[in-house]
Asker: 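Okay, handing you the structure first.
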Amino acid sequence: MTKPKKPKKKKKSVSKQKKSISTDSFCFGNLRGCEEYIRERYSPPTRPLYRWVKSPVTSRDFIPQSFLREDYNDNFEDLDIDLTIEERVERSTTSMYISEEASITEYQKIIERLHKKDIKENNPLEQGHKSQFINRCGQYVAKFNLTEKDALVGEVNKRGHVNVLLKDGFDFRQCQDTNFGLKNMLDNDE
């Protein structure tokens with residue numbers, strides 16, 4: 001007598017399976033233990049993104065601001081472990097924008113605010129907050145066509161800003177839209 005066959009389990013569709021995330025695959029920060037948070041809140045890029053850069057564009061233009069502090073020792077694994085998962089992930093992201101307009105609008109708002117602060121504090125133009133910001137973030141906007149192998153992106157906020165987790169192996173030269181070029185955001189500056 002033969003035993004009845006067990007019914008085969010149906011495989012979940014790819015869209016319903018949880019994607020595996022290796023936190024070792026990101027460029028910046030120690031994200032071990034953040035896999036579930038990243039899986040729930042980040043997804044592959046679906047559109048071109050825009051980033052403030054210097055000319056010429058270098059890989060340094062993509063380092064998250066939290067890693068560019070003067071007191072930071074360039075060891076990207078040394079992020080404060082006392083932070084929450086959300087803070088650890090956010091500090092490891094690179095800021096980008098969903099449109100050229102959103103990128104330029106946000107940049108010019110910051111420049112205007114820093115210029116007013118410099119005037120109020122009587123700061124010399126070449127040493128003030130505005131000048132420091134331009135030196136740190138650049139004065140150009142560039143367009144990048146990222147893929148799933150390059151990065152994962154968070155949710156877009158109301159200003160058109162998005163946090164981007166860059167993956168190891170990310171090469172801006174492969175992603176930069178050279179037809180777009182670099183747009184100088186200070187062309188209409190005071």
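In what follows, residues are counted from 1 in the order of the sequence shown.
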Asker: Would you say the side-chain atoms of Ser103 pair up with the backbone N or O of Ser99, donor to acceptor, closer than 3.5 Å?
Answerer: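 Between the backbone of Ser99 and the side chain of Ser103 there is no qualifying donor-acceptor contact (under 3.5 Å).
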Asker: Are the side chains of Lys130 and His115 in contact, using a 4.5 Å heavy-atom criterion?
Answerer: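 Yes; the side chains approach each other to less than 4.5 Å.
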Asker: With a 4.5 Å heavy-atom cut-off, do His161 and Ser95 have their side chains touching?
Answerer: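 Contact flag for His161/Ser95 side chains = yes.
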Asker: Side chain of Arg88, backbone of Arg32: donor and acceptor closer than 3.5 Å?
Answerer: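 The answer is yes, because a donor-acceptor pair under 3.5 Å joins these two groups.
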Asker: Ignoring hydrogens and angles, state whether a donor on the side chain of Arg136 or Gln65 is under 3.5 Å from an acceptor on the partner side chain.
Answerer: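 There is such a pair (donor and acceptor under 3.5 Å, judged by atom type) between the side chains of Arg136 and Gln65.
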Asker: Using every non-hydrogen atom in the two residues, find where Met185 and Gln108 come nearest and quote the distance to one decimal.
Answerer: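 Looking at all heavy atoms of both residues, the shortest contact is O-NE2, 3.2 Å.
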Asker: Can you check whether Gln132 reaches Asp118 side chain to side chain, under 4.5 Å on heavy atoms?
Answerer: no
Asker: Taking Glu87 first and then Arg91, would you say they form a salt bridge - that is, a charged N and a carboxylate O separated by under 4.0 Å?
Answerer: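 Salt bridge absent between Glu87 and Arg91.
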Asker: For residues Gln176 and Val57, determine if any side-chain heavy atom of one lies less than 4.5 Å from a side-chain heavy atom of the other.
Answerer: yes
Asker: Take Arg159 and Ile98, measure what side-chain contact (heavy atoms from CB on, under 4.5 Å) needs, and give me the verdict at the end.
Answerer: CA-CA 9 Å; Arg159 297 182 330 266; Ile98 62 167; over 6 Å; no
Asker: Can you measure from CD1 (Ile134) to CD1 (Ile110) and round to the nearest 0.5 angstrom?
Answerer: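 Between atom CD1 of Ile134 and atom CD1 of Ile110 there are 11.5 Å.
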Asker: Between CG of Leu182 and OH of Tyr140, what distance do you get to the nearest 0.5 Å?
Answerer: 7.0 Å
Asker: Mind checking whether Ile38 and Leu165 have side chains closer than 4.5 Å, heavy atoms only?
Answerer: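 Answer yes - side chains close enough.
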Asker: Please name the pair of heavy atoms, one in Ala102 and one in Gly160, separated by the smallest distance, quoted to 0.1 Å.
Answerer: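 For Ala102 and Gly160, the tightest heavy-atom pair comes out as CB-CA, 4.2 Å.
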Asker: Please report the interatomic distance CG(Leu146) to OG1(Thr94), rounded to the nearest 0.5 Å.
Answerer: 10.0 Å
Asker: Looking only at non-hydrogen atoms, find the nearest pair between Val162 and Glu155 and report the distance.
Answerer: CG2-O, 4.0 Å
Asker: Given side chains that start at C-beta, do those of Lys117 and Asn123 come closer than 4.5 Å, heavy atoms only?
Answerer: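 They are not in contact (no side-chain heavy atoms under 4.5 Å apart), so the answer is no.
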Asker: SG of Cys137 to CD1 of Ile111: how many Å apart, nearest 0.5 Å?
Answerer: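 Answer for the SG-CD1 pair, Cys137 versus Ile111, is 8.5 Å.
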Asker: Indicate yes or no for a side-chain donor-acceptor contact from Thr93 to the backbone of Glu90 under 3.5 Å, with no hydrogens or angles considered.
Answerer: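 Yes; judged by distance alone, with no hydrogens or angles, the pair exists.
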Asker: Take the angle between the ring planes of Tyr97 and Trp52 and call it parallel below 30°, perpendicular above 60°, tilted in between.
Answerer: parallel
Asker: Any side-chain heavy-atom pair from Val153 and Asn163 closer than 4.5 angstrom?
Answerer: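 Answer no - side chains too far apart.
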Asker: Specify the closest pair of heavy atoms between Asp168 and Cys27, including all atoms of both residues, with the distance to one decimal.
Answerer: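 That would be OD1-CA, 3.3 Å.
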Asker: Could you check if a side-chain atom of Val164 sits within less than 4.5 angstrom of a side-chain atom of Leu49, using non-hydrogen atoms only?
Answerer: yes
Asker: Once rounded to the nearest 0.5 Å, what's the spacing between atom OG of Ser131 and atom CG of Leu125?
Answerer: 8.5 Å
Asker: Report the C-alpha separation of Phe28 and Leu166 in whole Å, then their side-chain angles, then the decisive distance to 0.1 Å, and conclude whether the side-chain contact (heavy atoms from CB on, under 4.5 Å) test is met.
Answerer: CA-CA 8 Å; Phe28 305 106; Leu166 297 174; 4.3 Å; yes
Asker: Which pair of non-hydrogen atoms, one from Lys167 and one from Glu148, has the smallest distance, and what is that distance?
Answerer: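 Minimum heavy-atom contact is NZ-O, 2.8 Å.
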Asker: Examine Phe180 together with Tyr50 and report whether their ring centres are nearer than 6.0 Å.
Answerer: yes
Asker: Check whether the ring centres of Phe172 and Phe62 lie less than 6.0 Å apart, and answer yes or no.
Answerer: yes
Asker: Using 0.5 Å steps for rounding, measure from the OG1 atom of Thr84 to the CD atom of Glu86.
Answerer: 5.5 Å
Asker: Ignoring hydrogens and angles, tell me if any N or O in the side chain of Glu35 forms a donor-acceptor pair with the backbone of Gly33 under 3.5 Å.
Answerer: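 Yes, the answer is positive, given that a donor and an acceptor are paired below the 3.5 Å cut-off.
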Asker: Counting distance only, does the side-chain N/O of Lys54 pair as donor-acceptor with the main-chain N or O of Asp61 below 3.5 Å?
Answerer: no
Asker: Check for a donor-acceptor pair, side chain of Asp150 on one end and backbone N or O of Cys175 on the other, with a separation under 3.5 Å.
Answerer: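 Checked: no pair found.
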Asker: Regarding Lys109 and the six-membered ring of Tyr107, is the cationic atom NZ or CZ under 6.0 Å from the ring centre and inside 45° of its axis?
Answerer: no
Asker: Looking at Cys34 and Val89, what are the two nearest heavy atoms and their distance?
Answerer: CB-CG2, 3.7 Å
